Each structure stands twice: as structure tokens, then as C-alpha cells.
Amino acid sequence: QEQLVESGGGLVQAGDSLRLSCAASGFDRHTTAWFRQAPGKEREFVAAIRWRTTNTYYADSVRGRFTISSDNTKNTVYLQMNNLKPEDTAVYFCAVTGRGWSIRAASAYDYWGQGTQVTVSS
């Protein structure tokens, strides 16, 4: 059955890098996204990738710093985060939708992982 498991979060300093992983099982013809939520803020879109085409999409706040990618042999989606900033501090969630539209909206996603904490110090 469907399952999403995130890993790779941690505590880093500004300018450092992290790679998050999302192991996805039980899905087909789907879009996988990363969202994040900081205390007192709305859950916001970070990046998404279409499993079949590998087309990618990014929030303006992370474009050029973050890269989303997939490894089909491992059924895993990654989020490479470079030049991290304190404002990137949040819980990061992996999510999956079978839709090909509205992929920047959290409401489009039916399946969510448990989240992994990313903390960036100054």
C-alpha cells in the first residue's frame, strides 16, 4: 500500500547543505513534492517532480539553491538543499498526488510523510 518515509533532516549552519530523501512505495504515475512548515507560518510549496517525465517545479524562494530529483531504481525522491539560510528552518514534508494540476497547492496532495526537521543556524 501507499507509504512515504522522509529522512535526512538535521541541524546545520547557514551556507551548509543537506539532502533530504523521500522513499515512496505503492504509487504509479504520480507527482511528488516537498512542502515545509515553520512555526507560525502556513505550509508552503518547495519543489515538485513528475515521476514519469522528471519535469521539476520550484518555489521562487528556493530556485537556484534547491534541486529535486528522483531515482526510479530506489523509488526515492531527493531534495538537495544548498546554501541553506535560517529562513529555510522548517519541518519538511514529502507528499504525493496522482493529479497533473495544482501541484503547488497542499490541497492537491492525498498522501503525506511524517516530516523531517531542518534547522539552519546563523
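Given the structure is predicted, the values throughout are model-derived calculations rather than measurements. Heavy atoms only: backbone and side chains are in, while hydrogens, waters and symmetry mates are out.
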Intermediate values then yes/no, side-chain contact (heavy atoms from CB on, under 4.5 Å), Tyr78 and Ile68: CA-CA 6 Å; Tyr78 304 96; Ile68 189 169; over 6 Å; no
Which atom of Phe93 lies closest to which atom of Gln114, heavy atoms considered: CE2-O, 3.7 Å
Distance-only donor-acceptor check, side chains Arg50 and Tyr57, under 3.5 Å: yes
Intermediate values then yes/no, side-chain contact (heavy atoms from CB on, under 4.5 Å), Met81 and Val118: CA-CA 10 Å; Met81 304 184 294; Val118 172; 3.9 Å; yes
Atom pair CD1 (Ile103) and OG1 (Thr97), whose distance is rounded to the nearest 0.5 Å: 9.0 Å
Validation row: Val96, Glu2 side chains within 4.5 angstrom (heavy atoms): no
For Arg63, all residues meeting salt bridge (Lys or Arg N to Asp or Glu O under 4.0 Å), sequence neighbours excluded: Asp60
Check against side-chain contact (heavy atoms from CB on, under 4.5 Å), Trp112 and Cys94: CA-CA 6 Å; Trp112 294 82; Cys94 181; over 6 Å; no
Shortest non-hydrogen contact from Ser122 toward Pro86: OG-CG, 3.6 Å
Non-hydrogen side-chain atoms of Trp51 and Thr31 separated by less than 4.5 Å: no
Minimal non-hydrogen separation, Phe66 against Tyr58, with atom names: O-CE2, 3.2 Å
Side-chain donor-acceptor contact under 3.5 Å, Thr89 with Glu87: no
Tell me which donor-acceptor pairs under 3.5 Å the side chains of residues 13-27 have, and how far apart each pair is, sequence neighbours excluded?
| from | atom 1 | to | atom 2 | distance (Å) |
| --- | --- | --- | --- | --- |
| Asp16 | OD2 | Gln13 | N | 3.2 |
| Ser17 | OG | Asn82 | OD1 | 2.9 |

Side-chain heavy-atom pair Thr32, Ser70 within 4.5 angstrom cut-off: no
Test item: Thr76 side-chain N/O and Lys74 main-chain N/O as donor-acceptor pair under 3.5 Å: yes
Fellow cluster residues of Trp101, listed by chain then number, with links counted only when side-chain atoms sit under 4.5 Å apart: none
Distance, nearest 0.5 Å, that separates CZ of Arg52 from CG of Asn72: 10.0 Å
Exam field: side chain Gln37 to backbone Val91, donor-acceptor pair closer than 3.5 Å: no
Residue list, salt bridge (Lys or Arg N to Asp or Glu O under 4.0 Å) with Glu44, at least two apart or on another chain: Arg36
Thr67 vs Leu79, side-chain contact (heavy atoms from CB on, under 4.5 Å): CA-CA, chis, key distance, verdict: CA-CA 6 Å; Thr67 303; Leu79 184 68; over 6 Å; no
Taking every non-hydrogen atom, the tightest pair across Val62 and Val46: CG2-O, 3.5 Å
4.5 Å side-chain heavy-atom contact, Tyr109 and Arg99: no
Partners meeting salt bridge (Lys or Arg N to Asp or Glu O under 4.0 Å) with Arg65 (sequence neighbours left out): Asp88
same_hphob_cluster(Tyr92, Val120) at 4.5 Å side-chain heavy-atom cutoff: yes
Partners passing ring-ring contact (aromatic ring centres under 6.0 Å, His included) against Phe45 (at least two apart in sequence or in another chain): Phe35
